[in-house]
Amino acid sequence: MIVKVCGMRQGQNIREVEALGPDMMGFICWQGSKRHVATIPDYLPQVCRVGVFVDPALDYVASQVQALGLGRIQLHGAESPAFCAVVAERTGLPVIKAISVSQAADLRLCEAYQAVAAVDMFLFDTKCKTVGGSGEQFDWSVLSRYSGRLPFLLSGGIGPGDETRVLAFSHPRFAGIDLNSRFESAPALKDVTKLSKFIKTIRHEQNQ
């Protein structure tokens, strides 16, 4: 199971979280977020770095790819399939397209993005007034209606105590989880103790 820890910003915290063994770490490149990376952290991890953007300008994406040494792009706004393709062509990186979900009908959006070779993964997040990071969960059972070919990350309010629920979730395209706000002691500052316990439990149970 892929474990992505998103909303990183502070160098020492990045080091501590990296030591827990996540597969990806997310850096939010959007000024509307409390976790916005306004300056380059004094330490960047060796694991795959994912830049999270919301309806960005193409030049800004390209500049952040270079500045942060990104390995993937996550588009979390209303970006069109065509824009996803242009981003991938410009940066040479695969795209994770975030889809906000509250009901099964929201999954219809996936169809157009699956036709774009650049999009190789979805991230299903909770539909809310903000753009992610709400700490709220949606009804995961609606994902039984997802019959697409692309794998997905499960996001939206996963936190301490959800280990059993995550491990019990099953879908043929379920690839991993995205962890963020419910593991924070402050915006962009992860509680390493809580995160460590969660990741160790997930990894241990998976290996049984």
Side-chain angles (χ1 to χ4, degrees), residues 2-100 113 116-123 125 130-134 150-153 155-156 175-192 195 199:
I2 294 170
V3 174
K4 174 175 174 276
V5 180
C6 200
M8 303 304 301
R9 186 167 62 200
Q10 300 184 24
Q12 182 58 31
N13 196 225
I14 292 170
R15 287 180 185 273
E16 293 168 346
V17 171
E18 182 182 29
L20 304 180
D23 303 284
M24 302 178 183
M25 296 178 76
F27 296 84
I28 299 179
C29 305
W30 179 53
Q31 291 183 352
S33 172
K34 294 180 290 186
R35 301 166 185 87
H36 175 228
V37 180
T39 58
I40 306 304
D42 58 19
Y43 175 77
L44 291 170
Q46 298 303 305
V47 299
C48 179
R49 304 168 204 161
V50 181
V52 181
F53 300 86
V54 179
D55 300 313
L58 187 57
D59 286 346
Y60 178 60
V61 176
S63 69
Q64 292 302 92
V65 167
Q66 294 299 316
L68 292 166
L70 300 179
R72 277 180 174 271
I73 303 296
Q74 180 178 317
L75 296 176
H76 217 295
E79 303 89 0
S80 68
F83 184 79
C84 292
V86 171
V87 165
E89 182 179 2
R90 173 76 177 269
T91 64
L93 299 178
V95 172
I96 299 171
K97 183 66 186 81
I99 304 291
S100 297
Y113 293 99
V116 180
V119 178
D120 70 346
M121 186 178 291
F122 289 122
L123 181 144
D125 199 2
T130 60
V131 181
S134 68
L150 295 182
F152 65 84
L153 299 179
S155 185
I177 53 177
D178 179 79
L179 309 175
N180 194 349
S181 60
R182 289 190 60 203
F183 289 95
E184 291 182 333
S185 53
L189 183 64
K190 298 299 182 286
D191 185 316
V192 178
L195 202 53
I199 293 175

Task: Whether E79 side chain and D55 backbone form a donor-acceptor pair below 3.5 Å - done: yes
Task: Straight-line distance of E184 CD to N13 CG, nearest 0.5 Å - done: 9.0 Å
Open item on the list: Suppose we screen for side chain to side chain donor-acceptor pair (under 3.5 Å). Which residues come up paired with E18, at least two apart in sequence or across chains?
Closed with: Y43
Task: Min side-chain heavy-atom separation F27-I14 under 4.5 Å - done: yes
Open item on the list: Tell me whether K190 contacts the main-chain N or O of C6 through its side chain, where contact means a donor paired with an acceptor under 3.5 Å.
Closed with: yes
Task: Test side-chain contact (heavy atoms from CB on, under 4.5 Å) applied to K4 and L179, I177, V50, the passing residue - done: V50
TODO: State the CZ-CD distance between R35 and Q10, to the nearest 0.5 angstrom.
DONE: 12.5 Å
Task: Pairwise distance CZ(F53) to CG(L70) - rounded to 0.5 angstrom - done: 5.5 Å
Open item on the list: For a 4.5 angstrom cut-off between non-hydrogen side-chain atoms, does I96 reach F122?
Closed with: no
TODO: With the side chain counted from C-beta on, respond yes when Y113 and I99 share a heavy-atom pair under 4.5 Å apart, and no when they do not.
DONE: yes
Task: 4.5 Å side-chain heavy-atom contact, V17 and M25 - done: yes
Open item on the list: In the structure I gave you, are the side-chain heavy atoms of T91 and V61 within less than 4.5 Å of one another anywhere?
Closed with: yes
Task: R49 (side chain) donor-acceptor with L68 (main chain) under 3.5 angstrom - done: yes
TODO: Determine whether S155 and N180 make a side-chain contact, defined as any pair of heavy atoms from C-beta on separated by less than 4.5 Å.
DONE: no
TODO: Check each of D191, I199, V192 against L195 using the side-chain contact (heavy atoms from CB on, under 4.5 Å) test, and report the only one that passes.
DONE: I199
Task: Side-chain donor or acceptor of R9 paired with backbone N/O of H36 under 3.5 Å - done: yes
- [ ] Using atom types as modelled and distance alone, determine if a side-chain donor or acceptor of S33 lies under 3.5 Å from a backbone N or O of W30.
- [x] no
